[in-house]
Structures are given as C-alpha cells and as structure tokens.
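First comes the structure, then the notes that go with it.
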Amino acid sequence: MSVAQLTEAERTAALAELADWSLARDGAAIERTFQFAGFVQAFGFMSSVAILAEKQDHHPEWFNVYNRVEITLTTHDVPGEGGGLSQRDVTLAKAIDALV
C-alpha cells in the first residue's frame, strides 16, 4: 500500500508543531532524542511507545542506551528508495510527545 509523502509546505507546517523533532535523512524522516532519569524510565517509555506504534500499525526505528532513547520516524510505504516522511510519522510523533 502506497502512502503519500508530505510536500515541502506540509513538512514545514508539521515541524512547526513538533518543536523537539528535527528533519533527518534529507527530509525523509524526523528524529528526536529523549533522556530519562534511568534505564527503567527509558524502558517504560519505550514500552508505551510500542503500544502506540502497534495501535497505529506504524513502527519507529529506535536506539536505546541506558537513559537515552533516540527515535527516527519514516514511512517505508512512501514510493521511492528508502521511503519518506508522511502524515503517519507526524501523527505518531505527536502521540509520542503526549507521553512526556
């Protein structure tokens, strides 16, 4: 199933609403780093994100070391090599932001 990539104007508007996220992969993704008090808090956050992602059927790329969680969102169903940024990424980023 193909998903539409955000236009440059849509991407700019979305980033204005996602102040703590930044463009990555030449505009094909957004990313954010979260820092917590310790590993248990970071892992709890990741568990909460996993539930959101599963409900939305849109899963993040992420990396965790101790109290830090790095999340990258991109949509692999966007046509082209490697996918691109879609409304699905923006929706999940907003839901993730609501957790912290």
Side-chain angles (χ1 to χ4, degrees):
M1 173 177 72
S2 182
V3 176
Q5 181 168 303
L6 295 180
T7 65
E8 188 172 338
E10 290 168 332
R11 188 173 60 212
T12 299
L15 280 175
E17 296 178 17
L18 298 168
D20 295 318
W21 294 80
S22 59
L23 281 178
R25 300 183 187 166
D26 295 324
I30 53 176
E31 62 186 9
R32 180 174 175 191
T33 299
F34 298 84
Q35 195 143 345
F36 299 92
F39 178 74
V40 171
Q41 293 82 2
F43 191 83
F45 168 75
M46 291 176 71
S47 296
S48 296
V49 171
I51 292 167
L52 289 173
E54 190 64 20
K55 286 180 181 176
Q56 293 184 23
D57 192 28
H58 189 56
H59 304 92
E61 298 173 12
W62 55 13
F63 179 77
N64 165 245
V65 173
Y66 183 58
N67 67 338
R68 191 177 78 243
V69 178
E70 298 170 10
I71 297 179
T72 301
L73 299 175
T74 190
T75 302
H76 299 286
D77 292 333
V78 167
E81 191 174 327
L85 192 62
S86 77
Q87 187 58 47
R88 296 181 80 191
D89 303 305
V90 174
T91 300
L92 184 54
K94 288 179 180 180
I96 291 169
D97 283 351
L99 294 174
V100 293

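Positions are given from 1, in the same order as the sequence printed here. Please read all numbers here as calculations on a predicted model, not as lab measurements.
Between Thr72 and Phe63 there is no side-chain heavy-atom pair separated by less than 4.5 Å. Contact of the Val49 side chain with the Val69 side chain is not registered, since no non-hydrogen atoms from C-beta on lie closer than 4.5 Å.
Contacts of Glu70 classified as salt bridge (charged side-chain N to carboxylate O under 4.0 Å, His left out), with partners at least two apart in sequence or in another chain: Arg68. When the side-chain hydrogen bond (donor to acceptor under 3.5 Å, both in side chains) test is applied to Thr74, no partner is found at least two apart in sequence or on another chain. Scanning for ring-ring contact (aromatic ring centres under 6.0 Å, His included) contacts around Phe34 gives Phe45, with sequence neighbours left out.
For Phe43, the CZ atom sits in a loose shell: 12 or fewer heavy atoms of surrounding residues, nucleotides or ligands are nearer than 6.0 Å.
Once rounded to the nearest 0.5 Å, the distance linking CD of Glu31 with CD1 of Ile71 reads 11.0 Å.
Each of Val40 and Phe36 belongs to its own hydrophobic cluster when Ile, Leu, Val, Met, Phe, Trp and Tyr are linked at side-chain heavy-atom distances under 4.5 angstrom. Leu18 and Val100 fall within the same hydrophobic cluster, where Ile, Leu, Val, Met, Phe, Trp and Tyr residues are linked whenever their side-chain heavy atoms come under 4.5 Å apart, directly or through other members. No continuous path of hydrophobic side-chain contacts links Leu73 to Val3 [ILVMFWY only; heavy atoms under 4.5 Å].
Here the closest heavy-atom approach between residue Asn67 and residue Ala37 is recorded as CB-C, 4.3 Å. Ser86 and Ala4 get closest at one heavy-atom pair: CB-O, 3.4 Å. Annotation for Asp89 and Gly84: closest pair OD2-O, 3.6 Å, computed over non-hydrogen atoms. Taking all atoms of both residues into account, the shortest heavy-atom contact from Leu52 to Leu92 is CB-CD1, 4.3 Å. Annotation for Val90 and Ala14: closest pair CG2-CB, 3.6 Å, computed over non-hydrogen atoms.
For residues 38-57, the set of pairs meeting the side chain to side chain donor-acceptor pair (under 3.5 Å) definition, not counting sequence neighbours, comprises Glu54-His59. Among residue pairs with one or both ends in residues 6-20, those qualifying as salt bridge (Lys or Arg N to Asp or Glu O under 4.0 Å) are Glu17-Lys94, Asp20-Arg32; sequence neighbours excluded.
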Under 3.5 Å, sequence neighbours excluded: what are the donor-acceptor pairs made by side chains of residues 21-30?
unit_1	atom_1	unit_2	atom_2	d
Trp21	NE1	Asp97	OD1	2.9
Trp21	NE1	Asp97	OD2	3.1
Arg25	NH1	Glu61	OE1	3.1
Arg25	NH1	Glu61	OE2	3.4
Arg25	NH2	Glu61	OE1	2.4

